[in-house]
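Throughout, numbering of the chain's residues begins at 1 and tracks the sequence. Predicted model only: the values in this text are computed from it and were never measured.
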Amino acid sequence: ILLLFLGFGLQQVQSQSYHFKTSGFSVLEKNEKGKWGAWSNLDLVNLSMILDTDKHRIVVYSQEIQLFNIEDYIEREENDTDIVYSFMCKDNDGRDCKLSIITRKKQDYRKQLYINYDDHIIVYNIFSV
């Protein structure tokens, strides 16, 4: 019974919602030859974003709600400059994508959300609320 209680307790600790706000976004696209272009200018945008590990999803509340169902949680990565939490997801349209929340250690621990597709990448600057 004690093991069951401890297991349930640990499950509760790991299941959470994390709330963020965005402060800007930029897009990187591949050209017709399959080469990556340049990042677009950073557009200022104030949106809500939620990482909900109970419902296994990430939601960006933009004009058109971006819903990403988490299919797989990738092991946390850390190096001298970054802490990275990544998730393999399916978007609203069923397209595969990889989302990463990156904390930049050498940039005052600022956070970014990367939404990686085969042909384009969207980045949001985010902060916890």
Side-chain angles (χ1 to χ4, degrees):
I1 291 176
L2 180 60
L3 288 176
L4 181 63
F5 177 73
L6 286 174
F8 182 73
L10 290 174
Q11 181 72 22
Q12 289 301 318
V13 168
Q14 292 177 346
S15 297
Q16 299 181 40
S17 283
Y18 301 90
H19 297 259
F20 301 91
K21 286 285 192 179
T22 67
S23 60
F25 82 100
S26 182
V27 179
L28 177 66
E29 295 180 298
K30 281 188 179 178
N31 63 24
E32 57 279 350
K33 295 181 180 179
K35 302 274 186 202
W36 289 106
W39 284 101
S40 67
N41 290 332
L42 186 72
D43 287 331
L44 301 180
V45 63
N46 181 13
L47 305 172
S48 294
M49 183 201 123
I50 297 175
L51 163 60
D52 187 335
T53 59
D54 280 334
K55 295 180 181 175
H56 306 289
R57 68 184 188 184
I58 297 170
V59 184
V60 179
Y61 291 94
S62 53
Q63 187 170 355
E64 182 179 321
I65 293 176
Q66 301 171 63
L67 172 63
F68 302 95
N69 289 305
I70 299 171
E71 305 270 311
D72 191 22
Y73 293 80
I74 299 172
E75 191 171 331
R76 176 183 182 268
E77 299 173 46
E78 184 170 356
N79 59 37
D80 290 342
T81 59
D82 301 319
I83 302 167
V84 182
Y85 292 91
S86 294
F87 315 87
M88 295 307 299
C89 300
K90 286 206 183 285
D91 69 9
N92 307 44
D93 299 321
R95 291 181 63 195
D96 291 327
C97 53
K98 179 181 176 182
L99 275 67
S100 298
I101 297 173
I102 302 175
T103 302
R104 305 290 185 186
K105 292 181 183 178
K106 294 185 177 180
Q107 297 176 21
D108 291 328
Y109 287 85
R110 81 179 171 110
K111 292 181 177 13
Q112 295 181 301
L113 170 68
Y114 281 80
I115 304 170
N116 294 275
Y117 289 94
D118 290 336
D119 60 348
H120 69 286
I121 301 170
I122 302 166
V123 63
Y124 288 98
N125 289 329
I126 61 174
F127 58 92
S128 299
V129 291

_Criterion side-chain contact (heavy atoms from CB on, under 4.5 Å) on Leu47 and Tyr61, from CA distance to verdict_ = CA-CA 6 Å; Leu47 305 172; Tyr61 291 94; 5.5 Å; no

Heavy atoms only: give me the nearest [X]-[Y] pair and the separation to one decimal.
{"X": "Lys106", "Y": "Asp80", "result": "CE-O, 3.7 Å"}
{"X": "Leu67", "Y": "Asn92", "result": "N-OD1, 2.7 Å"}
{"X": "Tyr85", "Y": "Arg76", "result": "OH-NE, 2.9 Å"}
{"X": "Tyr117", "Y": "Asp91", "result": "OH-OD2, 2.7 Å"}
{"X": "Lys33", "Y": "Asn31", "result": "N-OD1, 2.8 Å"}

Is there a path of hydrophobic side-chain contacts, each under 4.5 Å between heavy atoms, that joins [X] and [Y]?
{"X": "Val123", "Y": "Leu28", "result": "yes"}
{"X": "Leu99", "Y": "Tyr124", "result": "yes"}
{"X": "Ile115", "Y": "Val45", "result": "yes"}
{"X": "Trp36", "Y": "Trp39", "result": "yes"}
{"X": "Leu51", "Y": "Phe25", "result": "yes"}

_With side-chain contact (heavy atoms from CB on, under 4.5 Å) as the criterion, how do Ile122 and Val60 come out once you've worked through the C-alpha distance, each side chain's angles and the decisive distance to 0.1 Å?_
CA-CA 12 Å; Ile122 302 166; Val60 179; over 6 Å; no

Look only at the side chain of [X] and the backbone of [Y], and say whether a donor-acceptor pair between them is shorter than 3.5 Å.
{"X": "Lys105", "Y": "Asn79", "result": "yes"}
{"X": "Asp82", "Y": "Ile102", "result": "no"}
{"X": "Ser26", "Y": "Ser40", "result": "yes"}
{"X": "Ser100", "Y": "Val84", "result": "no"}
{"X": "Ser17", "Y": "Asp52", "result": "no"}
{"X": "Ser86", "Y": "Ile74", "result": "no"}
{"X": "Lys111", "Y": "Ile101", "result": "no"}

_Going by the rule ring pair (Phe, Tyr, Trp, His ring centres under 6.0 Å), which residues pair with Phe87 if we only count those two or more places apart in sequence or in a different chain?_
Tyr73

From [X] [atom1] over to [Y] [atom2], what is the distance, rounded to the nearest 0.5 angstrom?
{"X": "Ile121", "Y": "Glu29", "atom1": "CD1", "atom2": "CD", "answer": "10.5 Å"}
{"X": "Ile126", "Y": "Tyr18", "atom1": "CD1", "atom2": "OH", "answer": "12.5 Å"}
{"X": "Asp93", "Y": "Gln66", "atom1": "CG", "atom2": "CD", "answer": "10.5 Å"}
{"X": "Asn69", "Y": "His56", "atom1": "CG", "atom2": "NE2", "answer": "10.0 Å"}
{"X": "Glu78", "Y": "Ile83", "atom1": "CD", "atom2": "CD1", "answer": "4.5 Å"}
{"X": "Ser23", "Y": "Leu44", "atom1": "OG", "atom2": "CG", "answer": "7.5 Å"}

_Side chains of Cys89 and Lys98 in contact at under 4.5 Å (non-hydrogen atoms)_ =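 No, their side chains stay 4.5 Å or more apart.
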
*Looking at side-chain heavy atoms only, is the closest gap between Asp96 and Met88 below 4.5 Å?*
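Contact flag for Asp96/Met88 side chains = no.
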
*Pick from Arg95, Lys35, Lys30: which one makes a salt bridge (Lys or Arg N to Asp or Glu O under 4.0 Å) with Asp119?*
Arg95

*Run the numbers on Asn116 and Cys97 for side-chain contact (heavy atoms from CB on, under 4.5 Å), then give the verdict.*
CA-CA 6 Å; Asn116 294 275; Cys97 53; 5.9 Å; no

_Partner set under side-chain contact (heavy atoms from CB on, under 4.5 Å) for Glu71, not counting sequence neighbours_ = Lys90

*Chi angles and distances behind the side-chain contact (heavy atoms from CB on, under 4.5 Å) call for Phe20, Thr22*: CA-CA 7 Å; Phe20 301 91; Thr22 67; over 6 Å; no

